[in-house]
Amino acid sequence: MKKHHLRIPGPTEVPDSVMRAMQTPMLNHRGEEFISIFKQVSEEIKEVFQTQNDVLIFPSAGTGAMEAAIVNLFSPGDLILSFPNGVFSERFAQIAESFGANVERIQVEWGKPVTPDTVRERLTRDTNHEIKGILFTHNETSTGVLNDIKALREAVGNHPAVILVDAISSLGAVDLKTDEWNLDAVVTGSQKALMLPPGLGFISLSAKAWTMVEQSRMPKYYWDFRAAKKSLEKGQTPYTPAVSLIFALKESLELMKKEGLPNIFKRHLMISGALRAGIKAIGMKLFVDDRWASPTVTSIEISGCETQNFSKLLKNRFNITVAGGQEKLKNKIMRIGHLGYVDKMDIINVLAGLEMALGDRNLYGKGVREAELFFEKGEMGQ
Ligand SMILES: *Cc1c(COP(=O)(O)O)cnc(C)c1O
């Protein structure tokens, strides 16, 4: 018997009730029954985005939703600012570039966040408002860094550029106030904090983003937001929706509503804090400073071939799956995902696995104990 502990930053574990919802018999995607479900989830997902604006839902990976945001908002030649500090922020820039945007990258060290000063400095030089868009990544999953979107948004100030946020590994786990913070396009995917299997992409759009959509000249057909909006008004999608995933979404939104967003955010902070305390206690080195550590993915520095051996050990002995580093962090870090359907005992479990995999009996229980104390402190604080 092998019980699987999936500790990667997506796809994440899926609650049983969400899996069961996927087994609802197929129905006519143009019929009344489906329309009523689609209208319901399209309304409820707005709460998770903390927006009053429409959220478009596409059958796609998260990257598809990123591409959709780019091709619907911009035209070839548009100047777009990017602050790459990891694989996913770099990907956002590459997508824009591949559709002919003029992307200006301001490189940020991997493992560090984008600072408001960096943003402010560049924008104050843009006196003619040539910059049309700014790409931010809320949670840089490849390093485990959380960018402070509120502060970055404030740094943009009154500059008219539209602000796009990749919130794929944060939305529904970390507070992100789409409307209050004035974010123009926020993108997420189903397989991270939303506790669903992969296959849905989501995009929210501000009124300003919609004016950009009207002017955009990048090529698109499947991703055309105008078609999606027109269909959404009738509770529909232009092309066949991922019907089973929409059933699943209805259930996961219900679970999220029951717990409440503030409690979900607290749970992720509690879990990441305890995990970090435990990792420190067993002498492993955290890749990212506490000040900008992600609440959803934690990176541990681990050198050379040890990374793969260690991950293999965790998988073979305890059936815990963790993620490795990507690109220039390959064989340099190990990443533990803790988002979505994850609780305190999942963290105890992974810490116990780390302790045993290190193979030093003197460390047994040390990380677990720190995590337990962290939880206790949190519970008493509540
Ligand atoms: C997972 C992830 C993506 C890519 O999502 P896919 O569904 O694999 O395309 C993009 N950005 C961030 C921040 C992510 O965590």
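Throughout, numbering of the chain's residues begins at 1 and tracks the sequence. One-based numbering, in listed order, for ligands and for the atoms of each.
The closest approach between a heavy atom of His138 and any atom of ligand 1 is not below 4.0 Å. Residue Glu140 places every heavy atom at 4.0 Å or more from ligand 1.
For Lys344 and Glu372, the salt-bridge test fails: no basic side-chain N is under 4.0 Å from an acidic carboxylate O.
Within the listing of ligand 1, atoms 13 (C) sit less than 4.0 angstrom from a heavy atom of Asn139. Here is the list of ligand 1 atoms found below 4.0 Å of a heavy atom in Met66: 10 (C).
Polar contact check, Thr63 against ligand 1: a nitrogen or oxygen pair lies under 3.5 Å apart. Looking at Gly62 next to ligand 1, an N or O pair under 3.5 Å apart turns up.
Phe225 places a side-chain heavy atom less than 4.5 Å from the side chain of Leu56.
Taking the six-membered ring where the residue is Trp, Tyr222 and Phe58 present tilted rings, their angle falling between 30° and 60°.
Scanning all heavy atoms of the two residues, the minimum distance from Ser75 to Arg217 falls at OG-N, 2.9 Å. Of all non-hydrogen atoms in Thr141 and Pro9, the two that sit nearest each other are CG2-CB, 3.5 Å.
With a 6.0 Å radius and a threshold of 12 heavy atoms from other residues, nucleotides or ligands, Glu233 has its CD atom above the threshold.
Counting only heavy atoms of the protein, atom 15 (O) of ligand 1 lies nearest to Thr141 OG1, 2.4 Å. Atom 11 (N) of ligand 1 has its closest protein heavy atom at Asp166 OD2, 2.6 Å. Among all protein heavy atoms, the one lying closest to atom 14 (C) of ligand 1 is Lys192 NZ, 3.0 Å.
Of the heavy atoms in Gln191, only side-chain atoms (C-beta onward) come closer than 4.0 Å to ligand 1.
A side-chain hydrogen bond (donor to acceptor under 3.5 Å, both in side chains) with His338 holds for exactly one of Thr298, Asp346, Asp343; it is Thr298.
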